[in-house]
Amino acid sequence: MKPSLPQGTRDFSSAVLKKRNYIFGVIRNVFELYGFEPLETPAMENIETLMGKYGEEGDKLIFKILNNGLHLPEKHSNAQRDFEQVLQGKTSKGISERALRYDLTIPFARYVAMNQGQLTFPFKRYQMQPVWRADRPQRGRYREFYQCDADIAGSSSLLHEIELALIYSTVFNNLQLPVEIHINNRKILQALAEKCGGTSHMMNITIAIDKLDKIGMDKVKQELRERGLNEERVALVEKYISIKGDNQTSIQQLSTLLGDIESAKDGINEILEILQAVNQTMPSTKICVCPSLARGLNYYTGTIFEVKAVGVEMGSIGGGGRYDDLTGLFGVKGIAGVGISFGVDRIYDVLEELNAFPEHLQAGTTALIFNTGIDKSHLINVASLLRNHHISCEIFHEAVKFDKQFKYAEKKQIPFIIIIGDEELAKNTVTVKNLKTGKQDSIAPASLPSMLSL
RNA sequence: GAGGAUGUAGCUCAGCUGGUUAGAGCGUCUGAUUGUGGUUCAGAAGGUCGUGGGUUCGAGCCCCAUCUUCCUCCCCA
């Protein structure tokens with residue numbers, strides 16, 4: 001058979017993996033610096049843990065795993081009955097009782113709900129694992145991709161929002177990737193919805209205005225009309241999303257427009273507090289109030305974040321926010337959550353486009369020891385010497401002509417080659433050649449490590 | 001899930017209106033060159049033309065199905 005990959009999945013070659021691991025490493029370091037601890041959960045969850053948590057669209061995009069043993073004769077009648085359910089678009093435990101994880105937030109909520117008795121609250125965890133979606137792949141959109149999440153469960157303190165914003169700022173600063181952090185608050189959107197005829201319009205409004213950047217004002221208005229808002233209310237929403245300018249101006253206009261509603265006041269005050277703290281701690285952070293930021297996910301209730309790269313056409317490379325009732329769906333009330341997520345695949349693309357990966361990442365083997373046909377023990381001794389000094393090296397696998405060994409070194413971009421043959425043995429030296437400069441030296445074996453670690 | 005484009009050597013791509021033995025560049029391998037690479041030169045290998053059917057005397061090219069990748073919508077990271 002011809003080998004191939006399932007649609008929307010990828011192999012990661014060494015060159016790509018080194019860059020990806022660099023991103024993961026930077027993020028992990030910052031997470032741990034703020035006291036987050038790692039968590040891993042299984043690739044698969046019970047299907048009812050996931051179903052109904054991501055809306056109707058989400059359910060369709062969950063990868064379901066077929067049960068084993070459906071072919072057994074004693075299960076036939078049940079299996080056939082259960083499959084009827086599937087044909088009608090429903091799920092059936094008789095056919096599938098497990099599914100692949102769709103994001104990291106719901107498994108986290110499940111974990112917190114299961115272990116609430118044992119955890120120390122506020123519980124701060126980070127998680128970097130692949131998730132799966134049965135979406136149609138496009139560029140920058142895969143069926144298997146990684147998410148990097150940091151969440152805090154069991155605290156409503158605004159301190160967490162502040163620290164999460166600082167984490168964003170630090171990570172992208174460390175990656176040397178210029179970004180803008182957009183911030184808004186669901187409480188303000190709720191106030192807007194109230195003015196537009198009640199909170200039942202919340203979803204209609206958020207879905208529509210979240211697309212402002214993508215489809216433009218006219219189409220947003222059109223969509224609002226289609227979603228049942230009258231002209232007066234459409235005009236109000238237009239006024240709202242037209243708010244522009246620096247943070248102070250935006251906040252002032254928000255107050256003027258919605259300040260008579262309690263929830264709007266709360267939201268505005270929260271934003272003010274976050275801005276003040278972030279600007280004081282890391283003044284270089286570009287954080288801006290963005291009224292049209294809504295985020296599609298329904299479970300957000302307070303602050304919402306989104307991060308955009310500056311100077312590159314790309315969707316958001318990170319997002320998150322506060323959700324007041326994290327574990328309610330699993331029967332545990334009163335645990336608030338707040339978290340952020342990094343879109344590693346997109347960050348990768350942006351860094352690639354900006355050529356912002358550090359050069360040293362591609363470094364592999366430092367030295368290749370030529371195989372000159374002398375007794376292997378001499379070569380292995382030199383290799384051990386280097387490795388004991390944490391210098392990576394390889395011994396060429398067969399004693400062939402130098403031409404081949406040079407070309408191997410060149411292809412693997414190994415910067416140094418070491419020759420030990422009869423001549424060197426007789427004089428108790430080694431020959432070292434720098435392949436970039438072409439410079440070659442004959443030195444004592446003991447001085448190899450210091451020479452190569454430069 | 002709906003609509004559109006695409007697939008030819010390891011890679012990037014030519015291939016006329018359906019007509020003999022499907023080409024190029026790069027890469028790979030061999031030699032010039034058995035202890036000195038990158039350059040150069042000579043040569044070679046490498047293809048069930050995505051897959052399966054069909055039309056035709058004849059299909060890389062036309063038709064149908066299917067898969068991949070990409071684009072738009074939906075939704076999202």
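In what follows, chains are A, B, ... by sequence order, proteins preceding strands, each numbered from 1.
Residue contacts shown for A/Tyr146 are absent, as no nucleic acid heavy atom lies under 4.0 Å away. Looking at heavy-atom distances under 4.0 Å, A/Gly438 makes contact with a base. At the heavy-atom level, A/Gly320 lies nowhere under 4.0 Å from the strands shown. Looking at heavy-atom distances under 4.0 Å, A/Ser341 makes no contact with the nucleic acid at all. A/Gln405 comes within contact range of no nucleotide atom at all, as no heavy-atom separation falls under 4.0 Å. In this structure, A/Ile419 reaches the bases: a heavy-atom distance under 4.0 Å links it to at least one base atom across the strands shown. Counting non-hydrogen atoms under 4.0 angstrom, A/Glu306 reaches nothing in the nucleic acid.
Computed from coordinates, the A/Gln127 CD to B/A77 P distance equals 15 Å when rounded to whole Å. The distance between atom CG of A/Leu61 and atom C1' of B/C75, rounded to the nearest whole Å, is 7 Å. If you take CD1 of A/Ile369 and P of B/G35, they are 18 Å apart, rounded to a whole angstrom. The CG atom of A/Asp403 sits 12 Å away from the P atom of B/U28 (whole-angstrom rounding). Spacing between atom CZ of A/Phe402 and atom P of B/G38 amounts to 15 Å, rounded to whole angstrom units. When rounded to the nearest whole Å, the span between CD1 of A/Ile374 and C1' of B/U34 equals 17 Å.
Separation of the C1' atoms belonging to B/C16 and B/C62 is 16 Å when rounded to the nearest angstrom. Rounded to whole Å, the P atom of B/G23 lies 32 Å from the corresponding atom of B/C70. When the P atom is compared between B/A65 and B/G3, the two are found 12 Å apart, to the nearest whole Å. Remark: the separation of the C1' atoms in B/U6 and B/C49 is 14 Å, to the nearest Å. Atom name P, nucleotides B/G46 and B/U39: the rounded distance is 25 Å, in whole Å. For B/G4 and B/U21, the C1' atoms lie 38 Å apart once the distance is rounded to whole Å. Spacing of C1' atoms, B/U30 relative to B/A45, comes out at 10 Å, to the nearest Å. B/G58 and B/C11 are spaced 33 Å apart, taking the P atom of each and rounding to whole Å.
Here the shortest heavy-atom pairing between A/Ser447 and A/Ala444 reads OG-O, 2.8 Å.
In this structure, A/Arg98 does not pair ionically with A/Glu45, as no charged nitrogen and carboxylate oxygen lie closer than 4.0 Å. Taking 4.0 Å as the cut-off between side-chain N and carboxylate O, A/Asp210 and A/Arg295 do not count as a salt-bridged pair. Salt bridge present: A/Glu231 and A/Arg225 bring a charged side-chain N and a carboxylate O closer than 4.0 Å.
Ring stacking holds between A/Phe145 and B/A77, with the centres under 5.5 Å apart and the planes within 30 degrees of each other.
Proximity note for A/Ile207 (side chain, C-beta onward) versus B/U36, B/C71, B/C75: the nearest is B/C75. Counting only heavy atoms from C-beta on, A/Gln147 has its side chain closest to B/A77 among B/G38, B/U36, B/A77. Closest approach to the A/Glu57 side chain among B/A77, B/C74, B/G37 is made by B/C74 (side chain taken as heavy atoms from C-beta onward). When each of B/C70, B/G38, B/C74 is scored by its nearest atom to the side-chain atoms of A/Pro137, the top-ranked nucleotide is B/C70. The listed nucleotides are B/U28, B/C76, B/A32; the one nearest the side chain of A/Lys411 is B/U28. In this structure, of B/G3, B/C73, B/A77, it is B/C73 that holds the atom nearest to the side chain of A/Gln138. Side chain of A/Lys404, nearest nucleotide from B/C74, B/C29, B/G35: B/C29. The listed nucleotides are B/C70, B/G35, B/U68; the one nearest the side chain of A/Glu423 is B/G35. Comparing atom distances between the A/Phe406 side chain and each of B/A77, B/C71, B/G37 picks out B/G37 as nearest. The side chain of A/Glu410 approaches B/G38 more closely than any other nucleotide in the set B/A77, B/C74, B/G38.
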A/Ser155 and A/His160: CA distance, side-chain angles, deciding distance, side-chain hydrogen bond (donor to acceptor under 3.5 Å, both in side chains) verdict: CA-CA 8 Å; A/Ser155 164; A/His160 303 304; 2.8 Å; yes
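Two residues, A/Gly318 and A/Leu5, neighbour RNA chain B, and the one matched to the more 5' nucleotide by heavy-atom proximity is A/Leu5. With RNA chain B read from its 5' end, the first of the two nearest nucleotides for A/Asp210 and A/Gly8 is the one closest to A/Gly8.
Partner A/Tyr348 forms a ring pair (Phe, Tyr, Trp, His ring centres under 6.0 Å) with one of A/Phe12, A/Phe342, A/Phe24, A/Phe357 and no other, that one being A/Phe357.
Nucleotide B/C73 is matched to B/G1 when pairs are restricted to Watson-Crick or G-U wobble geometry with both distances under 3.5 angstrom.
Listed pair A/Lys433 / B/G38 fails the phosphate criterion, with no side-chain N or O lying under 4.0 Å from OP1 or OP2.
With hydrogens and angles left out, the side chain of A/Gln7 and the base of B/U69 share no donor-acceptor pair within 3.5 Å.
Remark: the A/Gln138 side chain and the A/Arg136 side chain contain no N/O donor-acceptor pair separated by less than 3.5 Å.
Side-chain atoms of A/Lys286 never come within 3.5 Å of backbone atoms of A/Ser169 as a donor-acceptor pair (strictly under, hydrogens ignored).
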